[in-house]
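Report on the following structure.
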Amino acid sequence: MVVVANPPVVDQIPLLRSPGPRDSFAAVPVVDLSRPGAARAIVDACERFGFFKVVGHGVSADTMDRAESEAVRFFSQALADKDRAGPAYPPFGYGSKRIGLNGDMGWLEYLLLAVDDSASLSDSCAAPSNAAFRAALNEYVAAVRKVALRVLEAMAEGLGIAAADTLSAMVTEQGSDQVFRVNHYPPCPALQGLLGCSATGFGEHTDPQLISVLRSNGTSGLQIALPGGAAAARWVSVPSDRDAFFVNVGDSLQVLTNGRFRSVKHRVVTNSLKSRVSFIYFGGPPLAQRIAPLPELLGEGEESLYKEFTWGEYKKAAYKTRLGDNRLAQFEKK
Ligand SMILES: C=C1C[C@]23C[C@@]1(O)CC[C@H]2[C@@]12CCC[C@@](C)(C(=O)O1)[C@H]2[C@@H]3C(=O)O
Ligand SMILES: O=C(O)CCC(=O)C(=O)O
């Protein structure tokens with residue numbers, strides 16, 4: 001019998017099949033935010049995949065490049081210097097390999113940061129302390145948050161909701177729970193040639209918030225699960241595009257639309273040759289926000305598929321789960 005053990009360097013990090021050309025998802029829906037028809041296209045993509053790519057967003061390449069090069073500079077420091085920005089839990093800062101509090105591991109290092117009401121990194125996050133890095137991230141966060149708000153407004157329009165700010169207001173209200181993550185996945189050459197396996201960068205999960213807006217440096221690795229019906233989900237690789245944003249529907253938006261929009265399962269597979277750097281803005285509501293289907297979206301006699309909860313209750317429950325758990329299951333009406 002042949003026993004294959006993880007090389008020690010990736011011990012405790014689950015392995016995934018290395019993606020090949022046939023896994024590439026060429027049909028990622030693309031929404032041009034600057035064109036008429038964006039609202040319909042967004043709703044269609046959210047119903048089919050819970051995922052789409054955004055172009056025509058108006059964020060300057062300079063803003064994105066500055067944040068990226070400052071992030072690369074941060075992660076290239078000695079571990080002892082990066083550790084000074086940590087630990088990530090609790091509540092925010094630098095983390096390495098451990099994700100969450102319940103034993104999940106990935107081949108990455110990251111900064112987990114809070115965003116305040118004025119769209120800047122929260123003063124409660126001392127990290128990053130470098131002024132140039134902080135300024136670059138603040139500029140990026142302000143820009144990406146505007147993209148998130150435009151997308152949420154277009155969603156409301158596409159769904160036929162009368163008040164255009166019904167969804168966007170949830171992430172702009174005082175006390176809204178916005179989080180920003182900077183992820184760095186170093187290449188993992190130790191696995192080259194090992195039965196076509198790669199280290200897990202970020203394990204499969206859905207995002208608990210309403211919406212997540214992601215941008216990467218152009219190194220591939222992001223995969224989403226295509227809806228499989230009764231069959232097992234099929235994982236496909238999202239072709240990277242450093243000039244675009246990628247939007248994930250989160251669990252809370254799935255509930256607000258009573259399941260019409262799909263919260264998308266996604267994960268990151270480590271590239272064996274190149275570093276991946278990604279930025280993700282997570283738009284969540286204030287802790288007291290009730291998460292329940294919007295009355296305007298319920299058809300005649302249609303009932304909520306979910307028990308009532310607040311964002312605070314959901315978040316608390318989420319942080320007790322493992323990354324890959326189906327967090328909404330405990331809130332579904334049987
Ligand atoms: C294992 C975990 C990490 C996570 C909190 C959790 O307990 C389950 C959800 C995870 C997630 C996914 C989306 C982004 C994130 C910041 C969030 O709000 O929920 C992460 C959490 C994390 O990285 O700490
Ligand atoms: O780094 C990526 O591309 C995605 C990471 C992710 O899903 C997350 O941070 O929640």
Side-chain angles (χ1 to χ4, degrees), residues 14 16 19 28 50-51 53 68 71 75 86-115 125 144 171 176-186 199-225 235 237-242 244-254 263-271 274-285 287 311-312 314-330:
L16 295 168
V28 175
F51 183 83
K53 168 169 157 173
E68 184 184 313
F75 288 119
Y89 309 97
F92 294 106
Y94 172 77
S96 172
K97 297 201 179 78
R98 287 175 207 289
I99 301 170
L101 300 162
N102 308 311
D104 290 292
M105 304 280 281
W107 186 254
L108 87 166
E109 54 179 346
Y110 58 88
L111 282 164
L112 184 58
L113 306 167
V115 174
C125 289
V144 75
V171 299
S176 61
D177 192 7
Q178 306 165 84
V179 175
F180 186 62
R181 236 193 134 102
V182 184
N183 291 329
H184 172 226
Y185 305 88
T200 300
F202 210 110
E204 67 177 76
H205 65 285
T206 60
D207 295 342
Q209 294 81 358
L210 267 75
I211 190 175
S212 319
V213 184
L214 181 151
R215 189 257 171 190
S216 81
N217 64 340
T219 298
S220 61
L222 179 66
Q223 296 191 316
I224 63 166
W235 286 98
S237 302
V238 177
S240 59
D241 182 346
R242 62 196 315 281
F245 292 105
F246 292 89
V247 173
N248 294 334
V249 169
D251 298 341
S252 298
L253 192 51
Q254 176 172 318
S263 167
V264 62
K265 222 184 236 184
H266 55 287
R267 67 184 185 191
V268 175
V269 187
T270 309
N271 192 293
K274 291 198 288 178
S275 282
R276 174 176 170 88
V277 176
S278 60
F279 296 118
I280 306 104
Y281 164 85
F282 301 95
L287 294 180
W311 166 245
Y314 192 61
K315 186 175 173 177
K316 191 167 164 201
Y319 272 84
K320 289 189 181 140
T321 60
R322 295 289 300 262
L323 200 51
D325 290 345
N326 177 356
R327 279 175 280 285
L328 268 183
Q330 60 181 297

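When a ligand or atom number is given, it counts from 1 through the structure's own listing order. This structure is a prediction, so every number in the text was calculated from the model and none was measured.
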Would you find a donor on one side and an acceptor on the other, under 3.5 Å apart, between the side chain of [X] and the backbone of [Y]?
| X | Y | answer |
| --- | --- | --- |
| N217 | S275 | yes |
| S240 | G218 | yes |
| N248 | G50 | no |
| D177 | L287 | no |
| R267 | G203 | no |
| R242 | R215 | no |

Specify side chain, backbone, both or neither for F282, according to which of its non-hydrogen atoms lie closer than 4.0 Å to ligand 2.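 For F282, only side-chain atoms sit under 4.0 Å from ligand 2.
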Report the part of L108 in contact with ligand 2, treating N, CA, C, O as backbone and CB onward as side chain, heavy atoms under 4.0 Å; options are side chain, backbone, both, neither.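 Neither part.
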Side-chain contact, heavy-atom cut-off 4.5 Å: [X] with [Y]?
| X | Y | answer |
| --- | --- | --- |
| W235 | K265 | yes |
| L328 | Q254 | yes |
| L111 | F180 | no |
| F51 | V238 | yes |

Heavy-atom nearest neighbour in the protein, as seen from [atom], with distance rounded to 0.1 Å:
| atom | answer |
| --- | --- |
| atom 10 (C) of ligand 1 | L323 CD1, 3.8 Å |
| atom 10 (O) of ligand 2 | H205 NE2, 3.1 Å |
| atom 20 (C) of ligand 1 | R181 NH1, 4.3 Å |
| atom 6 (C) of ligand 1 | A318 O, 3.9 Å |
| atom 13 (C) of ligand 1 | D207 OD1, 3.3 Å |
| atom 15 (C) of ligand 1 | Y319 OH, 4.3 Å |
| atom 3 (O) of ligand 2 | R276 NH2, 2.6 Å |
| atom 24 (O) of ligand 1 | Y89 OH, 2.6 Å |

Answer yes if the side chains of S212 and D207 hold a donor-acceptor pair under 3.5 Å, and no otherwise.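 A donor-acceptor contact under 3.5 Å links the two side chains.
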Subset of ligand 1 atoms that lie under 4.0 Å from at least one heavy atom of [X]:
| X | result |
| --- | --- |
| H205 | 12 (C) |
| R327 | 8 (C), 9 (C) |
| F282 | 13 (C), 14 (C) |

Can you find a non-hydrogen atom of Y185 under 4.0 Å from ligand 2?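 Yes, that is the case, since the closest heavy atom of the residue is under 4.0 Å from the ligand.
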Closest to [atom] among [options] (heavy-atom distance):
| atom | options | answer |
| --- | --- | --- |
| atom 19 (O) of ligand 1 | P91, P208, A317 | P208 |
| atom 2 (C) of ligand 1 | G284, G100, G203, G324 | G100 |
| atom 16 (C) of ligand 1 | D104, L112, L101 | L112 |

Which of the atoms in ligand 2, numbered in the order shown and given with their element, are less than 4.0 Å from a heavy-atom of [X]?
| X | result |
| --- | --- |
| V268 | 1 (O), 2 (C), 3 (O), 4 (C) |
| H266 | 7 (O) |
| L214 | 2 (C), 3 (O), 4 (C) |
| S278 | 1 (O), 2 (C), 3 (O) |
| R181 | 9 (O) |

In terms of the angle between their ring planes, are F75 and Y94 parallel, tilted or perpendicular, with boundaries placed at 30° and 60°?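 The rings of F75 and Y94 sit tilted, inter-plane angle from 30° to 60°.
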State if K315 counts as touching ligand 1 under the rule of any non-hydrogen atom under 4.0 Å.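 No.
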Heavy-atom contact check, 4.0 Å cutoff: does Q209 meet ligand 1?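 Judged by the 4.0 Å heavy-atom criterion, Q209 does count as contacting ligand 1.
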Using the rule side chain to side chain contact (heavy atoms under 4.5 Å, CB included), only one of N183, T270, L222 pairs with R276; which is it?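 Option passing the side chain to side chain contact (heavy atoms under 4.5 Å, CB included) with R276: L222.
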Name the residue from H205, R322, R98 that meets the side-chain hydrogen bond (donor to acceptor under 3.5 Å, both in side chains) definition with D104.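 The residue from H205, R322, R98 that satisfies side-chain hydrogen bond (donor to acceptor under 3.5 Å, both in side chains) with D104 turns out to be R322.
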